[in-house]
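One structure is given here, and the rest of the page talks about it.
Proteins get letters first, then strands, A, B, ... in listed order; numbering begins at 1 in each.
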There are 2 protein chains.
Amino acid sequence: MTRIYSKHPKHFVAVDCIIFGYDIIEKELKLLLIKRNFEPAKGKWSLAGGFIAENESMTQAACRVLYQLTGLKNLYMEQSYAYGGVDRDPGARVISVSYFALIKIQSIDKDRQEINGAHWRSIAKLPDLIFDHKRMVDRALAELQNNIKVRPVGFELLPEKFTLVQLQDLYEAIYQRGIDKRNFRKKILSMNLLEKLDEKEKMTSKKGAWYYRFIHQKYIDFKEKGFYFNLDVN
Amino acid sequence: MTRIYSKHPKHFVAVDCIIFGYDIIEKELKLLLIKRNFEPAKGKWSLAGGFIAENESMTQAACRVLYQLTGLKNLYMEQSYAYGGVDRDPGARVISVSYFALIKIQSIDKDRQEINGAHWRSIAKLPDLIFDHKRMVDRALAELQNNIKVRPVGFELLPEKFTLVQLQDLYEAIYQRGIDKRNFRKKILSMNLLEKLDEKEKMTSKKGAWYYRFIHQKYIDFKEKGFYFNLDVN
DNA sequence: CCAAAAGTGTTTTCTCTACACCCATGT
DNA sequence: ACATGGGTGTAGAGAAAACACTTTTGG
């Protein structure tokens, strides 16, 4: 039975992970990139990637790559696109499936990051990336921009408690444009998915801004009732 | 150089094509399915698929599979999703990337279709499909439903000239719900992408309905000016 | 007391929705 | 003349957009 398809060729198949993080201080969307430590293109910047093993599903492979780099499990992760050009990798013909992950920058395992030569780089000024990794990033970013309008994935990039100013800054960083403060607040609050905490963030202003928390369970409940998340504001 | 990655395993990689067509008479969205003529699952219904060859890109493979079945080139085609579960194919571990295509039913090469044992089946009452092909169809259909709201892809499923009634019927078949006639017409016509022809379709009514044509070039021009297609009507 | 950032409502504009009758023609 | 499907407009509701001042407090 295992020889049924044997007249057909086999291929290397890899996963590459586009790892997004949000720098709450610099108000910049960032990407976790690594200095490649093997040939070809050793020393160049690349996405975190790895080959799919014999008895490993593609999803497992993507999770493994992410875990090795960040020490994190159960990340928000989504498949982006499969790249199948014959010459995309000069080392050999490799088919690569890209995944993008959203992670809370502050939750990352610094040691692992060091070991793997990983660095956060602002999406606005990325270095040159190997192969077709820039294309992968562009596509994933476009998907993220669409996604964040219509699903509450922004919260994956923020700490548990965040202020409305921080949330808006995140949206502005991802959309790459300004948003009207009053309209933004009106819309996000009207969805009833945030809980106001009895605590203020006092680092960035004298007055201080109230912390909020995203209530995930409420979103699940609402969704079942046919509610749609929407934060596509001017 | 070609042995660089050789410690890693290789995999069979296939493409599977979800081929949508629209039956203008029965007002039904259809899928082109084939009776599989090889083991495993010989004789069962499946999507059109094929393995990726040595020096063939994934896109080329998908086009080849489509061409073999339909005799058509330059179809509207889009990658849908990569399926990488270890046990998805009982014959061997096969990674499969699905593509969906939109074709004008009447343009198909009947002979090829016969030879390949291909049949149009209504999406509303599909037979059991092999492996995870049903999941592939479900995902592709959801993508089509989203896509058709926001890109003028519906016209790929209709003949060159079509009536507004036919266009609306198509949208109703894909959305699987009714649409208000006046609102639909108002919205599609206000986009200025259709040209009214001096000819009526007289088969289905005594009065006859005006034929229209989609002006693809106009869409390209508008898009450059930041215009967005939208046909998300009640 | 003042600089700096947080927070707050209203009006206008536009888009979406609901809805019912006349038109053309082949039989 | 009538049955059949094609074609048309308007009013009301709701959502999106535009817009500027007050509050708080650390220094």
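- Looking at residues two or more places apart in sequence or on another chain, you find a side chain to side chain donor-acceptor pair (under 3.5 Å) between Lys161(A) and Glu199(A).
- Listed by chain and residue number, nothing satisfies the side-chain contact (heavy atoms from CB on, under 4.5 Å) test with Glu114(A) (two or more places apart in sequence, or in another chain).
- Protein chain A touches strand DNA chain C; the 5'-most and 3'-most nucleotides with an atom under 4.0 angstrom of its non-hydrogen atoms are dA3(C) to dT10(C).
- Within residues 191-213 of chain A, the residues having any heavy atom closer than 4.0 Å to DNA chain D are, in order of number, Lys202(A), Lys206(A), Lys207(A).
- Non-hydrogen atoms lying under 4.0 Å from DNA chain C are contributed by Asn234(B), all within residues 223-234 of chain B.
- Side-chain contact check for Met136(A) versus Ser80(A): every heavy-atom pair is 4.5 Å or farther apart.
- With sequence neighbours left out, His119(B) forms a side-chain contact (heavy atoms from CB on, under 4.5 Å) with Trp45(B).
- For residues 172-184 of chain B, no residue pair satisfies the salt bridge (charged side-chain N to carboxylate O under 4.0 Å, His left out) rule, not counting sequence neighbours.
- Listed for the Ser98(A) side chain is a donor-acceptor partner under 3.5 Å among the backbone atoms of Tyr81(A).
- Near-neighbour residues of DNA chain D inside residues 159-186 of chain A, defined by a heavy atom below 4.0 Å, number-ordered: Asp180(A), Arg182(A), Asn183(A), Lys186(A).
- Not counting sequence neighbours, the partners of Arg213(A) by the side-chain contact (heavy atoms from CB on, under 4.5 Å) test are Glu160(A), Glu195(A), Leu197(A), Ile215(A).
- The side-chain hydrogen bond (donor to acceptor under 3.5 Å, both in side chains) contacts involving residues 124-134 of chain A comprise Glu28(A)-Lys125(A), Arg88(A)-Asp132(A), Lys134(A)-Asp138(A), where partners must be two or more places apart or lie in separate chains.
- By the side chain to side chain donor-acceptor pair (under 3.5 Å) test, Asn230(B) pairs with Lys187(B), sequence neighbours left out.
- Within the cation-pi definition used here (under 6.0 Å to the ring centroid, within 45° of the axis), Arg112(B) qualifies as a partner of Tyr67(B).
- Using cut-offs of 30° and 60° on the angle between ring planes, the pair Phe155(B) and Phe214(B) is parallel.
- Take Asn234(B) and apply the side chain to side chain donor-acceptor pair (under 3.5 Å) test, not counting sequence neighbours, and it matches Asn183(B).
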